[in-house]
Amino acid sequence: MTDDDVVIGPLDLATHVDDALRVQAHAFGLSDDEVAVRRQIVLRHITYPGARALGARTPEGRLIGFVYGMPNDRSHWWSTVVEPYLRARDLDGWLDDSFVITELHVQPGHQNRGVGRTLITTITDSAAQPRSILSAIDIESPARGLYRSLGYTDLARNVLFPSAPKPYAVMGAPLPLRRPGA
């Protein structure tokens with residue numbers, strides 16, 4: 001199967017949270033305990049105003065990737081953690097009028113084939129905000145390469161989230177995102 005056969009469309013994350021978390025656990029190497037914690041977080045996030053999700057499915061209907069995000073709100077936990085790091089670089093204005101990519105995950109067998117790119121560009125294409133922000137583990141990785149190719153740049157590095165074992169980078173990009181060849 002080629003990834004040209006993958007169908008991208010709206011995802012009812014409340015109904016399919018366990019399918020999405022299986023993708024995330026496989027792509028991100030999460031334990032059952034971590035999945036249980038993230039399940040509660042995802043179910044809370046999808047109740048926020050403007051939150052939406054997209055899924056990538058095989059022709060048989062199996063979820064192999066997903067993205068979700070929402071308009072940023074400075075009162076949300078993520079923003080309260082990253083704000084001091086951005087403020088230290090006089091970049092905390094990025095927290096206003098931005099669409100946050102909360103999670104983007106693709107099954108390893110489908111990575112590096114355009115699925116993640118299509119998910120993130122499709123969800124941000126319909127954002128009312130003029131820019132997008134996200135956080136990614138602060139290492140050179142295919143994910144960071146994808147984000148850079150779309151126009152994201154590092155706003156802050158070595159961001160420490162409580163209980164996260166590795167530091168993160170906060171990245172931001174103007175919308176619409178860059179397309180290949182643009």
Side-chain angles (χ1 to χ4, degrees), residues 3-4 6-11 13 20 23-24 27-28 42 45-46 48-56 64-74 76-108 110-161 164 166-182:
D3 284 329
D4 293 339
V6 171
V7 177
I8 307 289
L11 176 65
L13 204 47
V23 170
Q24 185 176 6
F28 219 51
V42 170
H45 282 165
I46 59 174
Y48 292 167
R52 58 190 194 283
L54 295 174
I64 55 97
F66 76 101
V67 63
Y68 82 92
M70 65 199 79
N72 192 51
D73 183 323
R74 281 184 179 251
H76 292 165
W77 176 84
W78 182 85
S79 287
T80 65
V81 173
V82 304
E83 190 271 338
Y85 294 92
L86 295 175
R87 187 175 3 97
R89 299 189 64 207
D90 200 27
L91 295 172
D92 59 310
W94 275 86
L95 295 173
D96 301 317
D97 209 17
S98 291
F99 187 82
V100 179
I101 300 299
T102 308
E103 299 287 352
L104 170 63
H105 298 285
V106 176
Q107 286 279 8
H110 293 274
Q111 292 174 0
N112 300 309
R113 297 163 94 181
V115 175
R117 177 180 301 276
T118 301
L119 284 166
I120 194 171
T121 57
T122 302
I123 201 166
T124 58
D125 279 351
S126 60
Q129 295 73 23
R131 57 188 166 212
S132 173
I133 54 177
L134 56 81
S135 55
I137 294 175
D138 194 2
I139 59 171
E140 292 311 311
S141 65
R144 295 276 310 270
L146 168 63
Y147 301 144
R148 283 192 193 97
S149 77
L150 294 167
Y152 286 89
T153 59
D154 291 342
L155 302 175
R157 299 201 55 196
N158 204 29
V159 175
L160 303 174
F161 288 99
K166 298 176 184 174
Y168 278 71
V170 176
M171 302 178 80
L175 296 179
L177 296 175
R178 273 197 310 243
R179 297 302 201 267

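Across Pro167 and Leu160, no two heavy atoms sit closer than the pair CB-CD2, 3.8 Å. Smallest separation of non-hydrogen atoms from Val115 and Ala56: CG1-CB, 3.6 Å. Summarising the geometry of Pro71 relative to Pro49, their closest heavy-atom pair is CD-O, 3.5 Å, with the distance given to 0.1 Å. Here the closest non-hydrogen pair linking Val23 and Gly65 is CG1-CA, 4.1 Å. Summarising the geometry of Arg131 relative to Asp96, their closest heavy-atom pair is NH2-O, 2.8 Å, with the distance given to 0.1 Å. For Arg117 against Ser149, the heavy-atom pair with the smallest separation is NH2-OG, 2.8 Å.
For residues 81-92, the set of pairs meeting the salt bridge (charged side-chain N to carboxylate O under 4.0 Å, His left out) definition, not counting sequence neighbours, comprises Arg74-Asp92, Glu83-Arg87.
Separation of atoms CG (Leu13) and CZ (Phe66) is listed at 6.5 Å; rounding is to 0.5 Å. Taking CD1 of Ile64 as the reference point, atom NE2 of His110 lies at 4.5 Å (rounded to 0.5 Å). Atom CD1 of Ile133 sits about 12.5 Å away from atom CE of Met171, to the nearest 0.5 Å. With values rounded to the nearest 0.5 angstrom, Ser135 atom OG is found 8.0 Å from Glu103 atom CD. Atom-to-atom distance recorded for Ile120:CD1 and Leu177:CG is 6.0 Å, nearest 0.5 angstrom. One distance of note links OG of Ser79 with CG of Leu86; it measures 8.5 Å at 0.5 Å rounding.
Listed for the Gln111 side chain is a donor-acceptor partner under 3.5 Å among the backbone atoms of Val106. In this structure, Asn72 contributes its side chain and Leu95 its backbone to a donor-acceptor pair below 3.5 Å. A donor-acceptor contact shorter than 3.5 Å links the side chain of Asp138 to the backbone of Asn158. At distances below 3.5 Å, at least one donor-acceptor pair connects side-chain atoms of Ser132 with backbone N or O atoms of Phe99. Although no hydrogens or angles enter the test, the distance criterion places a donor-acceptor pair under 3.5 Å between the side chain of Arg178 and the main chain of Arg148. When atom types are taken as modelled, the side chain of Arg52 and the backbone of Ile123 share a donor-acceptor pair closer than 3.5 angstrom. No donor-acceptor pair closer than 3.5 Å links the side chain of Tyr152 to the backbone N or O of Arg144.
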* To do: May I have the step-by-step check of side-chain contact (heavy atoms from CB on, under 4.5 Å) for Leu91 and Tyr85, ending in yes or no?
  => CA-CA 9 Å; Leu91 295 172; Tyr85 294 92; over 6 Å; no
* **Stepwise side-chain contact (heavy atoms from CB on, under 4.5 Å) check, Trp78 with Thr102** => CA-CA 9 Å; Trp78 182 85; Thr102 308; over 6 Å; no
* **Verdict with reasoning, Tyr68 to Val42, per side-chain contact (heavy atoms from CB on, under 4.5 Å)** => CA-CA 9 Å; Tyr68 82 92; Val42 170; 3.6 Å; yes
* Would Leu134 and Leu104 satisfy side-chain contact (heavy atoms from CB on, under 4.5 Å), going step by step from the backbone distance to the final call? -> CA-CA 10 Å; Leu134 56 81; Leu104 170 63; over 6 Å; no
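Classified by interplanar angle (parallel below 30°, tilted 30° to 60°, perpendicular above 60°), the ring pair His45/Tyr48 is tilted.
The closest side-chain heavy-atom distance from Pro142 to Asn112 is below 4.5 Å. In this structure, Val82 and Trp94 have side chains that are not in contact, with every pair of non-hydrogen atoms separated by 4.5 Å or more.
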